[in-house]
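First comes the structure, then the notes that go with it.
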Amino acid sequence: MTVHFIGAGPGSADLITVRGRDLIASSPVCLYAGALVPVELLDHCPPGARKIDTAELNLDEILAELTKAHEAGLDVARLHSGDPAVFSAMAEQMRRLDALEIPYDVTPGVPAFAAAAASLKRELTVPEVGQTVILTRIAAQATAMPPGEDLATLGASRGTIVLHLAVQHIERLVDELTPNYGADCPVAVVARASRDDEVILRGTLADIAAQVREAGILRTAVVIVGRVLAAENFRDSHLYSTTRSR
C-alpha cells in the first residue's frame, strides 16, 4: 500500500490535479483536513471508502489511522489543502512514516497564493519591479519562527511578501512591514481564494488593516504585499524579446 499525500488545491473542487483526483478514486481510505478541503472531492472516493476528517485529530491519531490502513494493505488518499509543500504539516507525518517503514508519495496541488494571484489577475514577478517572492507567516500561538525570519528582516529585501495564517494579525503586519515598504505600498488580501464566497480587498499598508476589520476577515486568507500589485509601466521581459537569440 501507499499513503498518497495529495494537494487538494485552494478551495474550488475543480482545481485538483487529474493525478490527485485519480488517486482519490483508487484509494479505499481517505483522510482529509476538514473544512479546508472541498467536500465535493470526497465524491471521487470509491464506494464504501473509509472517510476520516482529521480536523479534530492529533498527530498520533492520524498516524494510527495510516498504520491501520497499512496493516490492512489499503492505499490512503491523504488530502491537504493547497499544496502540501508549504504550511501543511506533512513533514512530521512523513518522518513518522519513515520510522514505521510505511511507503508514501506526494502529489502537488494548486497553492493558495497562486489562486490569490489568479483572482487578482496579477503576476507576482514583474521585470525590474519584483523578481523575488517570499512565502512566510508570523509567530503567534503556533511554533516560533526561526532566527532571521521575522518580517523586519525579510522585508529588508523589499521583495513581494506572501503571508499565510496571518490575516488576524493584520495590524502587526502593517507595523512591521511599513518601515521597509512604505505606507503607500500596495497590499491585497484574498480570503477563500477560488471559492464562490471569495473576498478580495485591495489597498495599501496605510489602509488595509481597516478594510480587513470592516470585512470581518479572520482566517483562510492570503496577504500579498509588494509593488508588483500595481505595476504598469514596466519593461517587457527578455523571454519574448525580439533581441533574444532563438
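Salt bridge status for Arg192 with Glu198: absent, with no side-chain N to carboxylate O gap under 4.0 Å. Residues Arg202 and Asp207 are not paired through a salt bridge, judged by the lack of any N-O separation under 4.0 Å between the basic side chain and the carboxylate.
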> Step by step, would you call Phe113 with Leu124 a side chain to side chain contact (heavy atoms under 4.5 Å, CB included)?
Replying inline: CA-CA 10 Å; Phe113 81 89; Leu124 299 184; 4.0 Å; yes
> Should Ile208 and Leu201 be marked as a side chain to side chain contact (heavy atoms under 4.5 Å, CB included) after you check the CA-CA gap, both sets of side-chain angles, and the distance that decides it?
Replying inline: CA-CA 8 Å; Ile208 197 64; Leu201 304 178; 4.2 Å; yes
> Could you go step by step and tell me if Ile138 and Met145 meet the side chain to side chain contact (heavy atoms under 4.5 Å, CB included) rule?
Replying inline: CA-CA 7 Å; Ile138 62 171; Met145 295 295 286; 5.7 Å; no
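Here the shortest heavy-atom pairing between Leu79 and Ala8 reads CB-CB, 4.5 Å. Nearest approach of Gly11 to Pro38, heavy atoms of both residues: O-CG, 2.9 Å. When all heavy atoms of Ala115 and Pro10 are compared, the pair lying nearest together is CB-CG, 3.5 Å. Annotation for Thr178 and Ala183: closest pair CG2-N, 3.8 Å, computed over non-hydrogen atoms. The shortest non-hydrogen separation linking Leu42 to Cys30 is CD2-SG, 3.9 Å. Minimum interatomic distance between Ile16 and Gly7 (heavy atoms only, all atoms of both residues): CG1-O, 4.1 Å.
Side chains of Thr125 and Val228 form no contact here, defined as non-hydrogen atoms less than 4.5 Å apart. Residues Gln211 and Val189 have side chains not in contact (no heavy-atom distance under 4.5 Å, counting atoms from C-beta outward). Side-chain atoms of Asp184 and Arg227, non-hydrogen and from C-beta on, do get closer than 4.5 Å to each other.
The backbone N or O of Ala209 sits nowhere less than 3.5 Å from a side-chain atom of Glu171 that would complete a donor-acceptor pair. Counting only distance, with no hydrogens or angles, the side chain of Glu61 and the backbone of Asn58 share a donor-acceptor pair below 3.5 Å. Side-chain N or O atoms of Ser194 include one that pairs as donor or acceptor with a backbone N or O of Ser12 at under 3.5 Å. When atom types are taken as modelled, the side chain of Asp83 and the backbone of Gly109 share a donor-acceptor pair closer than 3.5 angstrom. Between the Thr204 side chain and the Ala206 main chain, a donor and an acceptor come within less than 3.5 Å of each other. Remark: the backbone N or O of Leu57 is not paired with any side-chain donor or acceptor of Thr54 at under 3.5 angstrom. Arg122 places a side-chain N or O within donor-acceptor distance of the main-chain N or O of Leu229, the cut-off being under 3.5 Å. A donor-acceptor pair is defined here as one N or O able to donate and one able to accept, closer than 3.5 Å; no such pair exists between the side chain of Asn180 and the backbone of Leu177. The backbone N or O of Val29 sits nowhere less than 3.5 Å from a side-chain atom of Asp75 that would complete a donor-acceptor pair.
Each side chain to side chain donor-acceptor pair (under 3.5 Å) pair with one or both residues in residues 24-50, not counting sequence neighbours, appears once here: Arg50-Glu65. Judged as a side chain to side chain donor-acceptor pair (under 3.5 Å), the pairs with a partner in residues 86-95 (not counting sequence neighbours) are, in order, Arg78-Gln93, His80-Gln93.
Applying the 6.0 Å contact sphere to CZ of Arg172 captures more than 12 heavy atoms from other residues, nucleotides or ligands. Heavy atoms of other residues, nucleotides or ligands lying less than 6.0 angstrom from CG of Asp236 number 12 at most. Counted within 6.0 Å of CZ on Arg213, heavy atoms from surrounding residues, nucleotides or ligands total more than 12; the atom is thus considered enclosed. For Asp196, the CG atom counts as loosely surrounded, since its 6.0 Å shell holds 12 or fewer non-hydrogen atoms of other residues, nucleotides or ligands.
For the residue pair Glu149 and Thr136, no side-chain donor N or O sits within less than 3.5 Å of a side-chain acceptor on the partner.
Distance check, rounded to the nearest 0.5 Å: CG of Leu66 to OH of Tyr104 gives 12.0 Å.
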Expected list for residues 160-168: side-chain donor-acceptor pairs under 3.5 angstrom, two or more places apart:
none

